[in-house]
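Since the model is a prediction, treat every value here as computed from it, not as a measurement.
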Amino acid sequence: MTAPLVIAVDGPAAAGKGTLARRLAAALGLPYLDTGLLYRAVGRRVLDAGANPRDPAAAEAAARALRPEDLERSDLRGPPADAAASAVAAIPGVRAALLDFQRDFGRRHGAVLDGRDIGTVVFPDAPVKLFVTASPAARAERRWKEMRGKGLDAGLGQVAADLAARDAQDAARATAPLKPAGDAVLFDTTALDIEAAFAAAMDLVRGRLETSAP
Ligand code: DC
C-alpha cells in the first residue's frame with residue numbers, strides 16, 4: 001500500500017506559503033493544515049492565562065490543553081498573536097506536544113501542511129517539499145497591504161521590522177529552526193502574482209511526483 005501523499009510547504013512569514021499550500025491542496029484534493037495556527041492558538045492561551053509566552057511551563061501546559069475549537073478563534077492574527085506564537089514556538093516542550101497532531105493529520109488521508117519545520121522535522125520523508133521565500137521588502141509590503149485591508153495600519157517600516165525580528169527568532173532557535181530541508185525546492189515568489197506562483201508550484205509538484213514515483 002502506498003503512503004498517502006504529504007506535501008511540505010515551509011518558509012518565512014508572509015512569503016505566500018499559506019496561499020500556495022491552500023491552492024495546492026484544493027487542486028490535488030488533499031486536506032490542508034496551517035500549522036502556524038497551532039502555535040498562534042498556544043500563544044493566545046498563554047496570554048489569556050496572564051502568563052508570559054516565553055515561560056516554558058506555561059506554554060507547554062497551554063500546548064497540552066489545546067482544543068480544536070482554539071483554532072477557530074478570531075484573534076489569532078495580528079502583532080500580539082504573531083509575537084506570542086513565535087515565542088512559544090521556540091520552546092521544545094511546546095513543539096513536542098504539537099508533533100503527533102500534525103503527523104496524525106498528514107498520515108490519515110495525506111495533506112498539504114505549511115509551517116517552518118514540516119520538511120525538516122514533522123515529515124522529513126515527504127516526497128514533495130517546497131521552501132517558499134520572497135524578498136524582505138516584498139513580504140513586508142504584502143503583509144502591510146493585508147493588514148490595511150483589515151483596517152490595521154502599523155506603518156510599512158514597523159511591519160518590516162516585526163517580520164525581520166520574527167524570522168530571526170524562528171531561524172535562530174535551537175529546536176526545529178526555520179531552514180530549508182536539504183531536499184526542498186526553493187521557490188521565490190518575489191516577482192510572481194498568486195496565479196503565476198500557483199502554476200509554477202503545480203509544475204514543481206508534478207515534476208517531483210514523477211521523479212519520486214516507483
Ligand atoms: O506561519 P505563521 O506566521 O502563522 O506562524 C506563526 C509562528 O509560529 C511563526 O513565527 C513560527 C511558528 N511556527 C513554527 O515554529 N513552526 C511551524 N511549523 C509553524 C509556525
Side-chain angles (χ1 to χ4, degrees), residues 5-40 71-72 74-79 81-82 85-86 102 105-106 109-120 122-123 126-164 166-167 170-171 178-181 183-210:
L5 175 61
V6 170
I7 298 182
V9 182
D10 290 303
K17 314 182 286 301
T19 310
L20 262 190
R22 212 172 276 117
R23 291 283 303 264
L24 287 174
L28 297 164
L30 291 170
Y32 163 66
L33 181 63
D34 170 358
T35 65
L37 271 190
L38 302 173
Y39 294 91
R40 290 173 177 278
L71 305 181
E72 309 296 327
S74 58
D75 55 0
L76 298 181
R77 307 270 169 205
D82 293 345
S86 184
Q102 297 172 77
F105 185 96
H109 308 289
V112 182
L113 296 94
D114 82 51
R116 304 291 188 287
D117 63 338
I118 307 304
T120 51
V122 183
F123 283 104
V128 183
K129 299 179 186 178
L130 302 182
F131 192 86
V132 183
T133 61
S135 70
R139 294 192 287 114
E141 194 177 330
R142 284 180 200 161
R143 180 52 52 89
W144 176 66
K145 282 187 179 154
E146 189 185 303
M147 288 173 71
R148 277 176 49 122
K150 292 180 188 165
L152 296 167
D153 192 356
L156 183 56
Q158 185 62 48
V159 172
D162 287 351
L163 279 185
R166 190 147 67 93
D167 289 342
D170 293 340
L178 164 68
K179 68 167 182 205
D183 53 351
V185 177
L186 298 188
F187 193 76
D188 190 327
T189 66
T190 306
L192 299 177
D193 65 18
I194 288 168
E195 288 309 320
F198 170 64
M202 277 301 280
D203 284 347
L204 271 177
V205 171
R206 284 195 202 100
R208 276 267 151 155
L209 289 178
E210 274 162 25

Practice problem: List the steps and the verdict of side chain to side chain contact (heavy atoms under 4.5 Å, CB included) for Asp162 and Asp82. | Solution: CA-CA 9 Å; Asp162 287 351; Asp82 293 345; over 6 Å; no
Exercise. Tell me, with the steps shown, if Phe131 and Val185 meet side chain to side chain contact (heavy atoms under 4.5 Å, CB included).
Key: CA-CA 6 Å; Phe131 192 86; Val185 177; over 6 Å; no
Quiz item: Would Leu38 and Gln102 count as a side chain to side chain contact (heavy atoms under 4.5 Å, CB included) if you check the C-alpha gap in whole Å, the side-chain angles of each, and the deciding distance to 0.1 Å?
Solution: CA-CA 9 Å; Leu38 302 173; Gln102 297 172 77; 3.6 Å; yes
Self-check item: Full working for salt bridge (charged side-chain N to carboxylate O under 4.0 Å, His left out) between Arg206 and Glu210
Solution: CA-CA 6 Å; Arg206 284 195 202 100; Glu210 274 162 25; over 6 Å; no
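Between Leu113 and Ile7 the shortest side-chain heavy-atom distance does not fall below 4.5 Å. Counting heavy atoms from C-beta outward, Leu130 and Asp10 have side chains that stay 4.5 Å or more apart. Within the 4.5 Å cutoff, the side chain of Val128 has heavy atoms near those of the Leu209 side chain. Residues Arg77 and Lys150 meet the side-chain proximity criterion, which asks for heavy atoms closer than 4.5 Å. Annotation: side chain of Asp183 is in contact with side chain of Lys129 (closest heavy-atom distance under 4.5 Å). For the pair Met147/Gln158, no side-chain contact is recorded, criterion being any heavy-atom separation below 4.5 Å from C-beta on. When side chains are defined from C-beta on, Leu24 counts as touching Phe198, because their heavy atoms get closer than 4.5 Å. Residues Arg23 and Glu195 form a side-chain contact, since some pair of their non-hydrogen atoms from C-beta on lies under 4.5 Å apart.
Put simply, the side chain of Thr190 gets close to the backbone of Ser135: a donor and an acceptor are under 3.5 Å apart. Between the side chain of Thr133 and the backbone N or O of Pro12 there is no donor-acceptor pair closer than 3.5 Å. Side-chain N or O atoms of Arg142 include one that pairs as donor or acceptor with a backbone N or O of Ala15 at under 3.5 Å. Distance alone, capped at 3.5 Å, places no donor-acceptor pair between the Thr189 side chain and the Leu192 backbone. Side-chain atoms of Asp117 never come within 3.5 Å of backbone atoms of Thr120 as a donor-acceptor pair (strictly under, hydrogens ignored). Of the possible polar contacts, none joining the Arg139 side chain to the Leu163 backbone as a donor-acceptor pair under 3.5 Å is found.
The shortest non-hydrogen separation linking Tyr32 to Phe105 is O-CZ, 3.5 Å. Looking at every heavy atom in both residues, Ala13 comes nearest to Asp167 through N-OD1, 3.2 Å. Minimum heavy-atom separation, Ile118 to Ala8: CG2-CB, 3.5 Å. Annotation for Ala201 and Phe187: closest pair N-CZ, 3.7 Å, computed over non-hydrogen atoms. Scanning both residues, Leu71 and Leu76, for their nearest heavy atoms gives O-CD1, 3.7 Å. Contact detail for Ala21 and Val9: the closest heavy-atom pair is CB-CG2, 4.1 Å.
Atom-to-atom distance recorded for Arg143:CZ and Leu156:CG is 12.5 Å, nearest 0.5 angstrom. For the atom pair Leu30 CG and Leu33 CG, the distance stands at 12.5 Å (nearest 0.5 Å). Separation of atoms CZ (Arg22) and NZ (Lys17) is listed at 11.0 Å; rounding is to 0.5 Å.
Figure legend: Arg148 and Trp144 shown as a cation-pi pair, the cationic atom lying under 6.0 angstrom from the six-membered ring centre and within 45 degrees of its axis.
Looking only at atom types and distance, the side chain of Arg40 has no donor-acceptor partner in the side chain of Thr35 under 3.5 Å away.
Heavy atoms of other residues, nucleotides or ligands lying less than 6.0 angstrom from CD1 of Ile194 number 12 at most.
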